[in-house]
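Below: one structure, written as structure tokens.
Worth saying up front: this structure is predicted, and the values here are computed from it rather than measured.
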Amino acid sequence: MIATVPLAFPRKVVPELLDGMDAHDAAAKRSRRDLQRIHRAMGTRATVLGALRALPGLHARKSPLRLLELGAGDGSLMLGVARALQGQWPAVELTLLDRQDLLLPSAVAHYAAVGWTVKTQVADALDWAADAGAVPHWDLIVANLFLHHFEGPQLALLLAAVAARTDYFFACEPRRAWLALAGSHLVGAIGANAVTRVDAVLSVHAGFRGKELQALWPAQNAGWTLAEHSAGLFSHCLVAARAERKRTNAR
């Protein structure tokens, strides 16, 4: 009897090593640099750029765009996006939300050079989601290699908060597929350290496929257009846009 290999494997969320490390640990610093290499290998910046350029109306707004990145790390990925969008978008007010403030002063200057202002918000994303107090309205919220850290109920809470606080949302996550899993076992070939080699595999097991993210979008938030799709060889994306008549410029 010939054994068959299942086309998909179940989603499994396990805490990644980097999440529990001190920001100043040498291995953690190296792993964050590894993430920049992984983003290049995955083509994350190009994926994000393509999605943001396709969002209707953002480039035509005259007031500064309010943009929030969840789990932003050091902001290096979005800096590359900012540089590529220079001259195509109006001024942007970017907030990087993360449990640690990893933004370097040099990055603030680099953002300013392309017409973006940037600040950090040190908070746990689930605390941010559960905050019932007054919160800003965002023109756009993005998440890059971040949503996969959460189990279903936590993720549903986070997506409900996103739907209540923005007009557009874009997420780029690991694809839970055999090719991506094989690739995660090879990140050592691009110089990744031991922390990154473990976390890369865990991230694929916690990744997404099909319409899994869409299924967790809050059903009570009608008036949204959702699109979920694969991107490149290793990524899985969700795009959410609020209906034109319900969009708000509240500040």
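- No hydrogens or angles considered: a donor-acceptor pair under 3.5 Å links the side chains of S31 and T196.
- For the pair P90 and L65, the minimum side-chain heavy-atom distance is below 4.5 Å.
- For the pair P56 and Y168, the minimum side-chain heavy-atom distance is below 4.5 Å.
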- Query: What do the steps show when you test V13 against Q154 for side-chain contact (heavy atoms from CB on, under 4.5 Å), and what is the final call?
  - Reply: CA-CA 12 Å; V13 179; Q154 297 174 322; over 6 Å; no
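- Between W89 and W116, the two ring planes are parallel [angle under 30°; tilted spans 30° to 60°].
- Looking at heavy atoms from C-beta onward, L103 lies out of side-chain contact with D74 at the 4.5 angstrom threshold.
- With rounding to the nearest 0.5 angstrom, the OG1 atom of T120 is 9.0 Å from the CG atom of L97.
- When hydrophobic clusters are built by joining Ile, Leu, Val, Met, Phe, Trp and Tyr residues whose side-chain heavy atoms come closer than 4.5 Å, directly or via intermediates, L159 is grouped together with W128.
- Side-chain contact check for H236 and E212: no donor-acceptor pair (N or O, by modelled atom type) lies under 3.5 Å.
- A distance of 10.0 Å separates CZ in R32 from OG in S76, rounded to the nearest 0.5 Å.
- For the atom pair NE2 of H110 and CG of L79, the computed distance is 7.0 Å after rounding to the nearest 0.5 Å.
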- Task: Before giving the answer on side-chain contact (heavy atoms from CB on, under 4.5 Å), spell out for F150 and L157 the whole-Å C-alpha distance, their side-chain angles and the decisive distance to 0.1 Å.
- Result: CA-CA 10 Å; F150 301 97; L157 172 67; over 6 Å; no
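- R11 places a side-chain N or O within 3.5 Å of a backbone atom of A206 that can act as its donor or acceptor partner.
- With a 4.5 Å cut-off on side-chain heavy atoms, N144 and E69 count as touching.
- Remark: R99 CZ to Q121 CD distance equals 14.5 Å, nearest 0.5 Å.
- Minimum heavy-atom separation, A125 to F146: CB-CZ, 3.5 Å.
- For Y111, there are no ring pair (Phe, Tyr, Trp, His ring centres under 6.0 Å) partners two or more places apart in sequence or in a different chain.
- For the pair L67 and E93, the minimum side-chain heavy-atom distance is 4.5 Å or more.
- Between W217 and V162, the shortest heavy-atom distance links the atoms CH2-CG1, 4.1 Å.
- Rounded to the nearest 0.5 Å, atoms CE (M42) and CZ (F234) are 8.0 Å apart.
- Between L17 and D199, the closest heavy-atom pair is N-OD1, 2.7 Å.
- L202 and P15 get closest at one heavy-atom pair: CD1-O, 3.8 Å.
- A distance-only check finds a donor-acceptor pair linking the side chain of R175 to the backbone of L233 [under 3.5 Å].
- Neither V201 nor V198 shares a network with the other; the hydrophobic side chains, linked directly or stepwise wherever heavy atoms of I, L, V, M, F, W or Y lie under 4.5 Å apart, form separate groups for each.
- Under the 4.5 Å side-chain heavy-atom criterion for grouping Ile, Leu, Val, Met, Phe, Trp and Tyr, V114 is connected to V108 within one hydrophobic cluster.
- Under the 4.0 Å criterion applied to side-chain N and carboxylate O atoms, D34 and R30 are assigned as salt-bridge partners.
- The two residues H39 and L77 make their nearest non-hydrogen contact at CE1-CD2, 3.8 Å.
- Counting heavy atoms from C-beta on, the side chains of T117 and V92 never come closer than 4.5 Å.
- Connection of V239 to M78 is established within a shared hydrophobic cluster, with ILVMFWY side chains joined at heavy-atom distances below 4.5 Å, either directly or through further cluster members.
- The closest side-chain heavy-atom distance from H137 to R66 is not below 4.5 Å.
- Looking at L52, L94, L68 one by one, the single match for side-chain contact (heavy atoms from CB on, under 4.5 Å) with V142 turns out to be L52.
- Put simply, the side chain of D98 never gets that close to the backbone of A123: no donor and acceptor are under 3.5 Å apart.
- Note on L179: it does not cluster hydrophobically with L186, by side-chain heavy-atom contacts below 4.5 Å among ILVMFWY residues.
- Applying the ring pair (Phe, Tyr, Trp, His ring centres under 6.0 Å) criterion to F170, with sequence neighbours excluded, gives no partner residue.
- For H205, the ring pair (Phe, Tyr, Trp, His ring centres under 6.0 Å) test picks out F9, with sequence neighbours left out.
- Two residues are said to be in side-chain contact when any heavy atoms from C-beta on lie closer than 4.5 Å; F208 and L155 meet this criterion.
- Looking at Q214, its side chain never comes within 3.5 Å of a backbone N or O of G210 through a donor-acceptor pair.
- Applying the 6.0 Å contact sphere to NZ of K12 captures no more than 12 heavy atoms from other residues, nucleotides or ligands.
- With hydrogens and angles left out, the side-chain atoms of E16 and H148 include a donor and acceptor closer than 3.5 Å.
- Of the inter-residue distances, the one linking L35 atom CG with S203 atom OG reads 9.0 Å to the nearest 0.5 angstrom.
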- Message: Before you tell me yes or no, could you show the steps for Q100 and V122 under side-chain contact (heavy atoms from CB on, under 4.5 Å), namely the whole-Å CA-CA distance, both residues' side-chain angles and the distance that decides it to 0.1 Å?
- Response: CA-CA 6 Å; Q100 301 173 321; V122 179; over 6 Å; no
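- A distance-only check finds no donor-acceptor pair linking the side chain of K119 to the backbone of L96 [under 3.5 Å].
- With hydrogens and angles ignored, the 3.5 Å screen pairs no side-chain donor or acceptor of R165 with any backbone N or O of P136.
- Here the closest non-hydrogen pair linking T95 and W138 is OG1-CH2, 3.5 Å.
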